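One structure below.
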Amino acid sequence: MTQTELTYSDDQAAAHDAVAAMLQSAGINLDDALLMPSKGNTDQVMAVTGKAGSGKTLLLAELYRALEDAGVDIVSGEYESRKRKDKRSLAILAPTNKAASVLRLRGVPATTIHRILYTPVYDPEYEKIAEWLSGNGERPVIEGLSDLSLDRAAAFYANNKSIPGALAAAGLRGSDFITGWKRREEPLDIGFVDESSMLDDKQFEDLKEIFPTLLLFGDPAQLAPVGQSGTMVFEKLPEKRVMNLDRIFRQEADNPILDLAHALADPDLRFEDFERMVEDASKRDPRVVWGQRVEVDLMARSPVLVWRNATRIRLINAFRAVHGAPEDALLEGEPLICDGIELPLKHRKKRLDLEARGLIKGAQVIYLGAGRKPGFSRLHVMGAEDPQVSAASIVKIEKPDEEEPFIPFAARMGATFLHGAAVTIHKAQGSQWDTVQVFAPDLYAAARMGRMEAGQPLWKRLAYVAITRAQERLIWVVRNRLSKPTAGLQIDDLRATPAAPLTLNAAEEETE
């Protein structure tokens, strides 16, 4: 078995050695930290699968550190030196900002798939600073930037290896130096993809074009992407290319949330039995709460997870009502979910700009207020590395029993948003929150319908995904009630930096 700093379980060790063998065939020997030039003609895909708590993220992190120690360059999406092309490289990806941020909190420099598919075009002054910081250029002389500011940037980069962070230490923002975006033209080297159960076939094919060596990490118990016929991309790989982690690790004190998630694997478990397990767990451990109502204070940052769209819409309208939100405007602090980009094909470049900055479908954002022009919104993109943007927006507020949503304001074209106080469990995949509220009456309805998905009762798959979104506390809401807010919506904690303007059309939707 390959020796590592940690003691792996047998299945983790087997997965580690299988990945090491794949990397060795691509010219990277982890045992000897030996790097050979990329052969360029090897297309390899492997998957590491396992349920929540099986150690997938631990294995990903250890493999990342081993590759970095071996001298492999880490491509984080923030800046790529032109001098890197002849080096071995690794990019660690996730489908959403929230999923990427979960990895970054664990010390893994992850970025989104979109940020790797599209590369920024930088101002030459930025490139001078970035090349110098990364050790590939001379100390630059930049008008308006003092030696003291450059020293601050260098000191920050020496400890953190983040060019945007170093620029922030010098009083600058990296996003201000991005002049545009383009589809990546040249392939990279090695790609790790977390939360790969969310990948659809098109994204998978895009990634295979970029990465000759691709390693997927995914949970087969989650819900397959919509339109994928109940299958995930790693389920289509040859059996020998899929390493499954069976053992479930626990914290020193048992984790009652994971215990509940894994109890769902029992084929004889009925919904009523499971609810009794939740109620019993709530009496033993404060991390599980048997909720008699939806806590409205949590909904602004952590949406209620539901199955049915009708439930989602009712909860959203109840949330707005108790906060006294007017019908024709949004309140500062209201949560939104990006529902895509509405732009004609001729504005493909602007679409790349929006998506690369984090406004991808499913992105969770907080409304900070109206922009200086009609239809513009100032937004905080949750989990993004550079979270504050300003963009032309189309906001849709859905109403119960009405087919067409109410639109309080809209630009002619831009990023479209639905309200985010409640979201479907499907859309919650890839995200995690400290506290998660699950609306149990919806799962009871799914159980009563008897629907199956991929050979399992649908309610169990829904419950598994919903429960595993909770990092610290699970609230299992059993009644259709909503609490009153204890305070108004807050945004003070999100006002760290000014928003970077986004434009859609230089002639029509100019920068604010």
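Throughout, residue positions are numbered sequentially from 1 according to the sequence presented. Everything numeric here is computed off the predicted structure, so don't read it as measured data.
Listed by chain and residue number, Arg473, Ile475 satisfy the side chain to side chain contact (heavy atoms under 4.5 Å, CB included) test with Val289 (two or more places apart in sequence, or in another chain). Considering only residues two or more places apart in sequence or on other chains, Tyr444 meets the ring pair (Phe, Tyr, Trp, His ring centres under 6.0 Å) condition with Phe271. Evaluation of the side-chain hydrogen bond (donor to acceptor under 3.5 Å, both in side chains) rule for Asp442 yields Arg308, Thr311 as partners, not counting sequence neighbours. Ala428 is linked by a side chain to side chain contact (heavy atoms under 4.5 Å, CB included) to Leu305, Val423, Trp433, Arg469, counting only residues two or more places apart in sequence or in another chain. Glu275 pairs by the side-chain hydrogen bond (donor to acceptor under 3.5 Å, both in side chains) definition with Trp476, not counting sequence neighbours. Legend: residues meeting ring pair (Phe, Tyr, Trp, His ring centres under 6.0 Å) with Phe319, ordered by chain and number and at least two apart, are His323, His419.
Atom CZ of Arg139 is surrounded by more than 12 heavy atoms from other residues, nucleotides or ligands within 6.0 Å. Around the CD atom of Glu404, the shell of radius 6.0 Å holds no more than 12 heavy atoms that belong to other residues, nucleotides or ligands. For CZ of Arg65, the number of neighbouring non-hydrogen atoms (other residues, nucleotides, ligands) closer than 6.0 Å is greater than 12.
One finds no salt bridge joining Lys202 and Asp200 here, because no Lys/Arg side-chain nitrogen approaches an Asp/Glu carboxylate oxygen to under 4.0 Å. Note on Glu205 versus Lys208: salt bridge recorded, some NZ/NE/NH1/NH2 to OD/OE distance being below 4.0 Å. For the pair Arg301 and Asp434, the salt-bridge criterion is not met [side-chain N within less than 4.0 Å of a carboxylate O].
With Phe417 as the fixed residue, the side-chain contact (heavy atoms from CB on, under 4.5 Å) test singles out one of Ile394, Leu379, Ile397: Leu379.
In plain terms, the two heavy atoms of Ala300 and Gly333 that are nearest each other are CB-O, 4.2 Å.
Separation of atoms CG (Leu462) and CG (Leu443) is listed at 6.0 Å; rounding is to 0.5 Å.
With hydrogens and angles ignored, the 3.5 Å screen pairs a side-chain donor or acceptor of Ser134 with a backbone N or O of Ala130. Within the 3.5 Å criterion, the main-chain N or O of Glu295 finds a donor-acceptor partner in the side chain of Gln437. In this structure, Asp189 contributes its side chain and Ser89 its backbone to a donor-acceptor pair below 3.5 Å. Remark: the backbone N or O of Gln222 is paired with a side-chain donor or acceptor of Arg461 at under 3.5 angstrom.
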Pair Arg320, Asn317 - check side chain to side chain donor-acceptor pair (under 3.5 Å), show working.
CA-CA 5 Å; Arg320 301 198 79 231; Asn317 281 269; over 6 Å; no
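Both the sub-6.0 Å distance and the 45° axial angle are not jointly satisfied by Lys460 relative to the ring of Tyr464.
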